[in-house]
Amino acid sequence: MRVRSLVLSLVLLCAGVFAVGGSLTAQEPQGGEAMATQTRTAQQGQTAAYTLPPEKLARAIAYSRIRVVLDFLGTGWGIAQLVLLLALGVVAKMRDVALGLSCNRWAQGFCFVFLLLLVTTLMDLPLDLYGHHAAAVYGQSVQGWASWAGDAAKGFLLTFVFGGLMVMLLFWVIRKSPGRWWFWFWIPAMIAVLIGVFVAPVLIDPLFNKFEPLAKTDPALVDRLEKVVARGGIEIPPDRMFLMKASEKVTTLNAYVTGYGASKRVVVWDNSISKATPDEISFIFGHEMGHYVLKHIPATLVFLGVLLLIEFYAGYRGVRWLIARYGERWRVPTQSDWGALVVLLLVLGVLSFLSEPITNGYSRMHEHEADVYGQEAIHGIVGDPQRVAQQSFQLLGEMSLTDPNPNPFVEFWTFSHPSVASRAAFAARYNPWVPGGNPKYFAK
Ligand SMILES: [Zn+2]
């Protein structure tokens with residue numbers, strides 16, 4: 001949770017909503033059940049399903065530690081900076097500047113949003129710079145600083161424009177309905193989320209990465225994937241399969257499903273194709289197809305929508321309480337003052353952190369379902385689905401320098417995917433095709 005994503009989340013409403021498709025690997029530290037898994041397998045005298053050689057293990061542990069610290073520190077700092085800005089009177093000052101600029105509300109609103117974004121971006125900068133530096137040092141990112149800064153600038157601009165529009169709408173609703181704005185704003189907010197998720201693959205994602213039809217790069221792979229699709233008894237036409245040129249920025253593997261309706265698509269990173277075998281790509285694709293077939297995107301939208309309504313109501317109560325208590329000291333007198341935006345972001349920031357275990361737990365459930373689906377989907381297409389799936393996780397873990405043995409609390413709180421070790425262990429033992437076994441999604 002960063003302020004920028006929070007402001008953005010007034011448009012897109014949940015920071016992660018654009019990624020609701022559920023990628024194969026989280027862009028966050030992975031892990032969790034790993035410890036239990038490894039202990040268990042060690043006790044049984046078996047080999048763990050995901051292991052690293054000693055030198056790589058040391059690097060994976062060090063890099064995971066950095067990411068965990070950055071994750072919690074980033075969240076804590078995001079909340080602390082809002083408190084600081086309020087307590088030091090910076091928010092009131094920015095509000096005064098906005099009011100002094102013009103009596104036009106649009107000019108005031110966008111001026112205030114711009115100042116807030118600028119200040120918080122600068123305050124976040126040290127952690128952001130260090131995060132990119134660490135990714136480069138540990139070989140996860142190959143993106144140069146200029147390109148990195150370009151992406152940051154694009155993100156800033158998008159947040160400014162769309163965040164600004166949502167802020168204008170929010171304050172209009174607050175003035176019209178001071179006691180029920182949390183509900184009346186929730187409706188256009190959800191519409192904005194729906195539009196955002198729909199247009200993101202077409203309008204937003206291409207601003208940050210290059211995409212091309214998979215059929216153009218690798219027609220043989222499309223043929224093979226169409227076999228997996230046919231087994232699922234569904235249709236994903238080849239023109240809904242895209243290749244993303246991730247190798248220009250990162251070294252890790254991934255694939256994901258995004259959009260819905262006419263914009264729904266499967267995206268495979270080019271790194272996956274160059275580093276994984278066709279069998280492994282089939283499994284990765286099968287996993288993504290699971291999200292597609294099991295309708296995880298619409299389900300997540302409904303889930304997040306309900307959560308958001310609860311958070312908006314709590315946000316409304318929290319803002320009133322904070323302003324009653326500290327409004328005078330912060331020089332933010334009412335909820336319709338531009339400065340109240342920061343109070344609302346503060347409350348939503350705390351709520352979003354507290355609800356992380358709920359949203360991540362929900363996501364991990366979908367990820368596990370997609371793992372099961374993927375493994376069942378490649379039965380009969382690859383020789384040994386258990387081994388292929390387990391090897392895919394081994395490769396994913398190695399490429400992302402995933403700690404095989406992470407902290408269970410960190411997984412519970414921050415992991416959108418089950419740990420790589422637990423996914424690999426599950427894959428290695430899951431065989432519903434044995435006599436008496438019961439495949440979950442496919443007929444035997
Ligand atoms: Zn997934």
Side-chain angles (χ1 to χ4, degrees), residues 14-34 49-50 197 200-201 205 214 225 228-229 232 234 236 240-244 246 250 252-260 264-269 271-273 275-276 280-304 356 359-378 385 388-397 399-400 402 411 414-427 430 440-442:
C14 288
V17 99
F18 267 38
V20 288
S23 52
L24 187 72
T25 60
Q27 288 306 298
E28 315 157 359
Q30 310 254 348
E33 289 163 26
Y50 167 56
V197 173
D205 298 347
L214 193 56
L225 296 182
V228 184
V229 172
I234 55 154
I236 305 179
R240 297 246 178 157
M241 298 181 188
F242 288 84
L243 179 87
M244 187 183 112
V250 294
T252 45
L253 317 184
N254 208 354
Y256 61 92
V257 173
T258 180
Y260 59 84
K264 190 169 171 178
R265 63 196 55 204
V266 177
V267 177
V268 182
W269 287 14
N271 293 338
S272 314
I273 292 175
K275 286 168 187 163
E280 288 161 357
I281 298 169
S282 299
F283 168 68
I284 293 172
F285 182 82
H287 169 105
E288 298 312 324
M289 197 169 94
H291 287 307
Y292 195 103
V293 173
L294 303 174
K295 303 201 165 32
H296 284 165
I297 292 187
T300 303
L301 286 172
V302 171
F303 176 79
L304 291 181
E356 266 183 48
T359 50
N360 283 324
Y362 182 77
S363 167
R364 288 197 298 269
M365 182 185 79
H366 278 174
E367 293 306 331
H368 178 68
E369 287 175 5
D371 282 348
V372 170
Y373 187 97
Q375 200 167 332
E376 292 183 2
I378 56 173
V388 166
Q390 184 241 316
Q391 281 173 346
S392 305
F393 289 123
Q394 173 69 35
L395 182 69
L396 285 170
M399 297 310 300
S400 328
T402 301
E411 179 189 22
T414 68
F415 283 21
S416 60
H417 291 58
S419 69
V420 167
S422 68
R423 295 171 81 185
F426 175 81
Y430 183 62
K440 199 168 164 197
Y441 301 110
F442 289 83

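Whatever order the structure lists ligands and atoms in, that order sets their numbers, starting from 1.
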Result of checking H291, H296, H417 against H366 for ring pair (Phe, Tyr, Trp, His ring centres under 6.0 Å): H296
Taking the Zn ion (ligand 1) as the reference point, name the nearest N/O/S atom of E367. OE1
For the Zn ion (ligand 1), what is the closest N, O or S atom on H287? NE2
Provide the closest heavy-atom pair for K275 versus L395 in the form atom of the first, atom of the second, distance. O-CD2, 3.7 Å
Metal proximity, H417 vs the Zn ion (ligand 1), N/O/S cut-off 2.8 Å: no
I need the single residue from Y50, F283, F426 that forms a ring pair (Phe, Tyr, Trp, His ring centres under 6.0 Å) with F393. Which is it? F283
By ring-ring contact (aromatic ring centres under 6.0 Å, His included), F285 pairs with (sequence neighbours left out) none
